[in-house]
Amino acid sequence: QVQLVESGGGLMQAGGSLRLSCAATGTIFSINAMGWYRQSPSDQRVLVAVIMSDGSTNYGDSAEGRVTISRDNVKNTIYLQMNALKPDDTAVYYCNAVLKPSSESYWLNYWGRGTQVTVSS
């Protein structure tokens, strides 16, 4: 069984920083990509950042140069460093992964349950 386990969310004040973590657990053959998305109550889920298997990264417009995605391949874990937080960053942040479980012969798309980030002014 493969799961994505997120952590690191919480209540922050504007201008602060935090680091989200997402660990892909279970028996995994390979990970193609992992990333972070966010969704506020009135918005659709949008890309924040994604990191590919070759280490290349892509950032969504919401990143605004204030976030950095990184990975630990040994732990199958990605991180999202968020700086200069704004109230508009308030959202549920979801981890996403495209990976191949050892029990499967094809790529699957997984979502974490989300971690709440609340930024107060």
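Because the structure is predicted, anything quoted here is derived from the model rather than measured.
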Which residues share a salt bridge (Lys or Arg N to Asp or Glu O under 4.0 Å) with Glu104, sequence neighbours left out: none

Listed once per pair and sorted, the side-chain hydrogen bond (donor to acceptor under 3.5 Å, both in side chains) pairs that draw on residues 3-18, sequence neighbours left out: Ser17-Asn83

Test side-chain contact (heavy atoms from CB on, under 4.5 Å) applied to Arg38 and Ser62, step by step: CA-CA 9 Å; Arg38 77 183 194 186; Ser62 64; 3.5 Å; yes

Arg66 CZ to Tyr59 OH distance, which is reported to the nearest 0.5 Å: 12.5 Å

Arg71 side-chain N/O to Ala33 backbone N/O, donor-acceptor pair under 3.5 Å: no

Non-hydrogen side-chain atoms of Met34 and Cys22 separated by less than 4.5 Å: yes

Crowding at CG, Asp61 (>12 non-hydrogen neighbours, <6.0 Å): no

Within residues 19-34 or reaching into it, pairs that qualify as side-chain hydrogen bond (donor to acceptor under 3.5 Å, both in side chains) - sequence neighbours excluded: none

Non-hydrogen atoms of Val117 and Gly9 that approach each other most closely: CG2-CA, 4.2 Å

Listed partners of Ser103 passing side chain to side chain contact (heavy atoms under 4.5 Å, CB included), at least two apart: Pro101

Shortest non-hydrogen separation from Gly35 to Ile69 and the atoms involved: CA-CD1, 4.0 Å

Under the side chain to side chain contact (heavy atoms under 4.5 Å, CB included) test, residues paired with Asp54 that sit two or more places apart: Met52, Ser56

CA sep, side-chain torsions, deciding dist, call: Ser120, Met12, side-chain contact (heavy atoms from CB on, under 4.5 Å): CA-CA 6 Å; Ser120 62; Met12 304 292 294; over 6 Å; no

Under 4.5 Å side-chain linkage, directly or through intermediates, the cluster mates of Tyr79: none

Flag side-chain contact, heavy atom, 4.5 Å: Val98 against Ile31: no

Backbone of Ser40 reached by a side-chain donor or acceptor of Asp43 within 3.5 Å: no

The single option from Leu80, Ile78, Val48, Val67 passing side chain to side chain contact (heavy atoms under 4.5 Å, CB included) against Leu20: Leu80

Listed once per pair and sorted, the ring-ring contact (aromatic ring centres under 6.0 Å, His included) pairs that draw on residues 97-121, sequence neighbours left out: Tyr37-Trp111

Ala14: side chain to side chain contact (heavy atoms under 4.5 Å, CB included) partners, not counting sequence neighbours: Pro87, Val119

Side chain to side chain donor-acceptor pair (under 3.5 Å) against Asn76, all qualifying residues, sequence neighbours excluded: none

Under 4.5 Å side-chain linkage, directly or through intermediates, the cluster mates of Val46: none

Where Ile51 and Thr57 come nearest, the two heavy atoms and their spacing: CG1-CG2, 3.8 Å

From CG (Leu108) to CG (Leu99), nearest 0.5 Å: 7.0 Å

ILVMFWY cluster membership beyond Leu11 - transitive side-chain contacts under 4.5 angstrom: none

Listed partners of Val92 passing side chain to side chain contact (heavy atoms under 4.5 Å, CB included), at least two apart: Tyr94, Gln116

